[in-house]
Novice: 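Below: one structure in structure tokens.
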Amino acid sequence: MLTNKTVVLGVTGSIAAYKAADIASKLVQAGAEVRVVMTESATEFVSPLTFRSLTNQPVVTGMFELASEFSLEHVALAEAADVVVIAPATANIIAKLAVGLADDMLSATVLATEAPVIIAPAMNVNMFQNSVTQDNLAKLKARGFTIVDPAYGRLASGKVGLGRLAEVEKIIGTIKQVLGRSGDLAARRIVVTAGGTQEAIDPVRYVGNRSSGKMGYAVAEAARDRGAKVTLITAPSALSEPVGIDVVHITSAVEMKEAVTRACAQADALIMTAAVADYQPKSTARQKIKKEAAGAGLTLELVKTPDILAEVKGDFLRVGFAAETEDHVANARQKLAKKQLDLIAANDVTAPDSGFTVDTNRVTLISRDGKVEELPLMLKREVADKILDRVVGMLAEKGGR
Ligand code: PMT
């Protein structure tokens, strides 16, 4: 969430300028106040009116035609910014910034700002790979700018190579990560698990469950946006990898346990949203089991998987989820005690708008001291923030900050 944040979005003269409209729109949807500064050549590609309409704010296009709010004081935008993002950034603006030129409103704003600056280059592959551009980017990186590397793909010139503007989601994720650096989880290490483990029966079949990973990814992203260093250990999921998070892909419960053990060696908190299979086939067939050989019925012998939450040792907070279809609070309380957790989210998975695969969830938080807080139906991201509010409080109690 970017509520109360001012994002100055610089748009320069690249064919990818139209993608900046999507960036502006998504930032506004996330709650940010977006101030667009366009270079003169950017206005050849997209009309300032597009950005004005999307952001509901005046668009700055030149040093001497400032909107009334910013009149005369050419550094006012620089001071208002919580972050400055240039997307797309041409080789030309990158070169100007590298040498400290300030001959247009965008370069002047960057030179004058104390806010973090993010650059998302987009240009022809030869221009991008030219050592001058690479040196300029290295200089900016050394000065603390964040570079969102361009993607490989088909460019406007028809050539294929590095130079396409990074995916909009990647740019937005980077903005959230950069803005979160001073959040209430700054310098904390949080390990999150997500998705449903898959326990192989043979090379093509598995025992699994309906977890999509949405709840876990929401917790991981929320922790990142509050400044935490996050490791997300995920079972197979269709969701795209979040930016600014160490993502570890696993398949089975045993693999998840190994990854959690490794990641928790330095963790402040482990949040297990994953739906870990409780049982796995006793053995995995090397070849696909043939119907003809199995006959009319197939019996699988299952054995218990390791209980990750209960078994991984270390001095970190433990937060669990309990997916329940009946007596969810009572059952969750038992799991809290048995697995010695600090907090558990009892998840009623019987309602169609709560639990597996949907974007919303309804949970009841139960803490070690027995306190119960029933939360209403919320977006999974909002549930994630409620849990992290508790984690921040518990870490403060534990570590004195
Ligand atoms: O991924 P989504 O589609 O968004 O769905 C989200 C969710 C419904 C999966 C999630 O909100 C949820 O409820 N996750 C916990 C599901 C679950 O398996 O609960 P459980 O009651 O079986 O396990 C209790 C806790 O122990 C969980 O934190 C689980 O991660 C952990 N566990 C379970 C088994 C095991 N072998 N090791 C474990 O660590």
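Order of appearance sets the numbers: ligands from 1, and atoms from 1 within every ligand. All residue numbers refer to positions in the sequence shown, counting from 1.
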Novice: Please report which non-hydrogen protein atom sits nearest to atom 39 (O) of ligand 1, along with the residue it belongs to and the distance in Å to one decimal place.
Specialist: L309 N, 2.9 Å
Novice: Any salt bridge between D327 and R333, counting N to O under 4.0 Å?
Specialist: no
Novice: What protein heavy atom sits nearest atom 29 (C) of ligand 1, and how far off is it?
Specialist: A274 O, 3.5 Å
Novice: Which bit of T193 gets closer than 4.0 Å to ligand 1, counting heavy atoms only: side chain, backbone, both or neither?
Specialist: neither
Novice: Nearest protein heavy-atom contact for atom 16 (C) of ligand 1: which residue, which atom, what distance?
Specialist: A323 CB, 3.6 Å
Novice: Is it true that N130 and T133 share a donor-acceptor pair across their side chains at a distance under 3.5 Å?
Specialist: no
Novice: So between G216, A345, A346, S212, whose heavy atom ends up nearest atom 3 (O) of ligand 1?
Specialist: S212
Novice: Is the shortest side-chain N to carboxylate O distance from D135 to K139 below 4.0 Å?
Specialist: no
Novice: Counting N and O atoms only, with roles assigned by atom type, does the side chain of K313 sit under 3.5 Å from a partner on the main chain of E311, one being a donor and the other an acceptor?
Specialist: yes
Novice: So, D202 and K290, do they make that salt bridge, N to O below 4.0 Å?
Specialist: no
Novice: Who's the nearest protein heavy-atom neighbour of atom 34 (C) of ligand 1, and how far?
Specialist: D278 OD1, 3.3 Å
Novice: One thing to verify: whether R318 and D342 come together as a salt bridge, which I'm taking to mean a side-chain N less than 4.0 angstrom from a carboxylate O.
Specialist: no
Novice: With the threshold set at under 4.0 angstrom, would you say G213 reaches ligand 1 through any of its heavy atoms?
Specialist: yes
Novice: Which one holds for N361 and ligand 1: side chain close, backbone close, both close, or neither close, with close meaning a heavy atom under 4.0 Å?
Specialist: side chain
Novice: Could you tell me whether D359 and K380 make a salt bridge, using a distance below 4.0 angstrom between a side-chain N and a carboxylate O?
Specialist: no
Novice: As an exercise, state the distance from CG of D315 to SG of C264, rounded to the nearest 0.5 Å.
Specialist: 11.5 Å
Novice: Looking only at heavy atoms, is any part of T273 under 4.0 Å from ligand 1, and if so is it the side chain, the backbone, or both, or is it neither?
Specialist: backbone
Novice: Which is closest to atom 21 (O) of ligand 1 in terms of heavy atoms, M215, K335, K380?
Specialist: K335
Novice: Distance to 0.1 Å, residue and atom name: give those for the protein heavy atom nearest to atom 27 (C) of ligand 1.
Specialist: F321 O, 2.9 Å
Novice: What protein heavy atom is closest to atom 11 (O) of ligand 1, reported as residue, atom name and distance in Å?
Specialist: N347 OD1, 2.6 Å
Novice: Among all protein heavy atoms, pick out the one at the shortest distance from atom 18 (O) of ligand 1; state its residue, atom name and that distance to 0.1 Å.
Specialist: A275 CA, 3.4 Å
Novice: Inspect the contact between K96 and D103 and indicate whether a charged nitrogen and a carboxylate oxygen are less than 4.0 angstrom apart.
Specialist: yes
Novice: Please report which non-hydrogen protein atom sits nearest to atom 36 (N) of ligand 1, along with the residue it belongs to and the distance in Å to one decimal place.
Specialist: P306 O, 2.8 Å
Novice: So V60 and R35, side chain to side chain contact (heavy atoms under 4.5 Å, CB included) or not? Walk me through it.
Specialist: CA-CA 8 Å; V60 179; R35 301 287 187 159; over 6 Å; no
Novice: Tell me if the CZ atom of R143 is crowded by more than 12 foreign heavy atoms within 6.0 Å.
Specialist: yes
Novice: With a 4.0 Å cut-off on heavy atoms, does A310 reach ligand 1?
Specialist: no
Novice: Are the charged groups of D348 and R362 less than 4.0 angstrom apart, N to O?
Specialist: no
Novice: Under 3.5 Å between some N or O of ligand 1 and some N or O of I308?
Specialist: yes
Novice: Heavy-atom distances under 4.0 Å are what count here, so tell me which part of A253 touches ligand 1: side chain, backbone, both or neither.
Specialist: neither
Novice: Regarding atom 33 (C) of ligand 1: of the candidates K339, K338, M272, which has the closest heavy atom?
Specialist: K339
Novice: For atom 35 (C) of ligand 1, which of the options T357, V276, N331 provides the nearest non-hydrogen atom?
Specialist: V276
Novice: Counting each atom of ligand 1 from 1 as listed, which ones have a heavy atom of S211 under 4.0 Å away?
Specialist: 1 (O), 2 (P), 3 (O), 9 (C)
Novice: Just jot down the ligand 1 atoms closer than 4.0 angstrom to any heavy atom of G320, in number order.
Specialist: 28 (O)
